[in-house]
Amino acid sequence: EVQLVESGGGWVQAGGSLRLSCVVSGLKFGDYAIAWIRQAPGKEREGVSCISSGGTAYYADSVEDRFTISKDNAQNTVYLQMNSLKPEDTAVYYCAAETYFCTYYREMFYSGYNYWGQGTQVTVSS
């Protein structure tokens, strides 16, 4: 059974930091790209960041220089370090998996993902 389990969300004041984790099981971790996708109430899903199986990272313009994606192949885990958080970062954050490259992420074809986590809420107060 494939599972993606997010954790690390919570409430933080503007300017603060959070680190999200996505633990993957049931897949050959090294063959997958993992993306972070968020959705705020009343808004469409938005790709935040993606790391390919080879370690290439991509970021949305809105989070560039504030967020850092990384992965630990030994722990089958992808992290999203979020610094200088803003109220507009408030959303449910999901991780999603596709093979090798961040194609779905880069094409904003989020419905193409077959594997999703349950999401973790991030709330940033002003």
Side-chain angles (χ1 to χ4, degrees):
E1 179 188 6
V2 176
Q3 284 192 316
L4 285 73
V5 180
E6 302 98 335
S7 63
W11 178 90
V12 66
Q13 288 189 322
S17 298
L18 287 172
R19 188 177 80 157
L20 306 184
S21 300
C22 173
V23 179
V24 179
S25 60
L27 296 174
K28 188 176 179 183
F29 185 77
D31 288 350
Y32 281 80
I34 305 297
W36 287 97
I37 297 161
R38 67 187 180 188
Q39 188 163 26
K43 295 188 177 181
E44 294 188 353
R45 288 181 291 193
E46 176 189 17
V48 175
S49 183
C50 184
I51 188 163
S52 72
S53 61
T56 301
Y58 301 90
Y59 298 95
D61 289 344
S62 60
V63 306
E64 187 84 55
D65 297 328
R66 297 189 298 123
F67 291 10
T68 303
I69 193 169
S70 62
K71 65 175 183 171
D72 183 337
N73 288 331
Q75 298 295 324
N76 286 7
T77 301
V78 172
Y79 302 99
L80 185 69
Q81 178 67 43
M82 307 187 296
N83 298 329
S84 302
L85 282 161
K86 303 176 180 180
E88 50 263 44
D89 294 318
T90 295
V92 178
Y93 284 69
Y94 301 90
C95 57
E98 62 173 306
T99 50
Y100 298 115
F101 308 112
C102 295
T103 304
Y104 292 154
Y105 170 84
R106 295 169 67 192
E107 296 181 352
M108 297 187 288
F109 182 52
Y110 308 128
S111 59
Y113 286 102
N114 290 321
Y115 305 118
W116 290 84
Q118 81 288 350
T120 187
Q121 175 70 48
V122 172
T123 303
V124 185
S125 66
S126 58

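Remember, it's a predicted structure, so these values are computed and weren't measured experimentally. We number each residue from 1, following the sequence as shown.
- Formation of a donor-acceptor pair under 3.5 Å by the Glu6 side chain with backbone atoms of Cys95 is found in this model.
- When all heavy atoms of Ala60 and Tyr105 are compared, the closest pair comes out as N-OH, 3.2 Å.
- In this structure, the side chains of Thr120 and Val92 stay at 4.5 Å or more apart for every pair of heavy atoms.
- Checked by atom type, the side-chain pair Tyr113/Glu98 shows a donor-acceptor distance below 3.5 Å.
- Side-chain contact between Gln121 and Thr90: present, with at least one pair of heavy atoms (C-beta onward) separated by less than 4.5 Å.
- At a threshold of 4.5 Å between non-hydrogen side-chain atoms, the residues Val12 and Thr123 do not count as touching.
- Residues Tyr32 and Tyr94 do not share a hydrophobic cluster, clusters being chains of Ile/Leu/Val/Met/Phe/Trp/Tyr side chains in contact below 4.5 Å.
- No single ILVMFWY cluster, assembled from side-chain heavy atoms under 4.5 Å apart, contains both Ile37 and Val63.
- Distance check, rounded to the nearest 0.5 Å: OG of Ser62 to CZ of Arg38 gives 4.5 Å.
- Geometric assessment of Arg45 against the ring of Tyr110 yields a negative cation-pi assignment under the 6.0 Å and 45° thresholds.
- A pairwise comparison of heavy atoms in Ser49 and Tyr58 identifies OG-O, 2.8 Å as the closest pair.
- For the residue pair Ala14 and Ser126, the shortest heavy atom distance occurs at CB-CA, 4.3 Å.
- By the rule that hydrophobic residues join a cluster once side-chain heavy atoms approach within less than 4.5 Å of another member, Leu20 and Tyr79 end up as members of separate clusters.
- For the atom pair Ile51 CD1 and Ile34 CD1, the distance stands at 9.5 Å (nearest 0.5 Å).
- In this structure, Val24 and Val5 have side chains that are not in contact, with every pair of non-hydrogen atoms separated by 4.5 Å or more.
- Side chains of Gln13 and Val124 form no contact here, defined as non-hydrogen atoms less than 4.5 Å apart.
- Under the 4.5 Å side-chain heavy-atom criterion for grouping Ile, Leu, Val, Met, Phe, Trp and Tyr, Leu85 is not connected to Trp11 through any hydrophobic cluster.
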Between Asp31 and Thr99, does a side-chain contact (heavy atoms from CB on, under 4.5 Å) hold up when you go through it step by step? CA-CA 6 Å; Asp31 288 350; Thr99 50; 5.7 Å; no
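- The CD atom of Glu1 sits 11.0 Å away from atom CG of Leu27, with the distance rounded to the nearest 0.5 Å.
- Separating the CG atom in Asp89 from the OG atom in Ser84 is a distance of 9.5 Å, to the nearest 0.5 Å.
- Ala33 and Tyr100 make their closest contact through CB-O, 3.5 Å (heavy atoms, listed as atom of the first residue, atom of the second, distance).
- Results of the side chain to side chain contact (heavy atoms under 4.5 Å, CB included) test with Phe29 over Asp72, Val23, Asn73 single out Asn73 as the only residue that passes.
- Here the straight-line distance linking atom NZ of Lys71 with atom OG of Ser21 works out to 15.0 Å at 0.5 Å rounding.
- The closest side-chain heavy-atom distance from Cys22 to Leu4 is below 4.5 Å.
- Between Phe67 and Asn83 there is no side-chain heavy-atom pair separated by less than 4.5 Å.
- To the nearest 0.5 Å, the span separating OG on Ser111 from OH on Tyr104 amounts to 8.5 Å.
- Between Met82 and Ser17, every side-chain heavy-atom pair lies at or beyond the 4.5 Å cut-off.
- Nearest approach of Thr68 to Tyr59, heavy atoms of both residues: CA-OH, 3.4 Å.
- Note on Trp36: it clusters hydrophobically with Leu18, by side-chain heavy-atom contacts below 4.5 Å among ILVMFWY residues.
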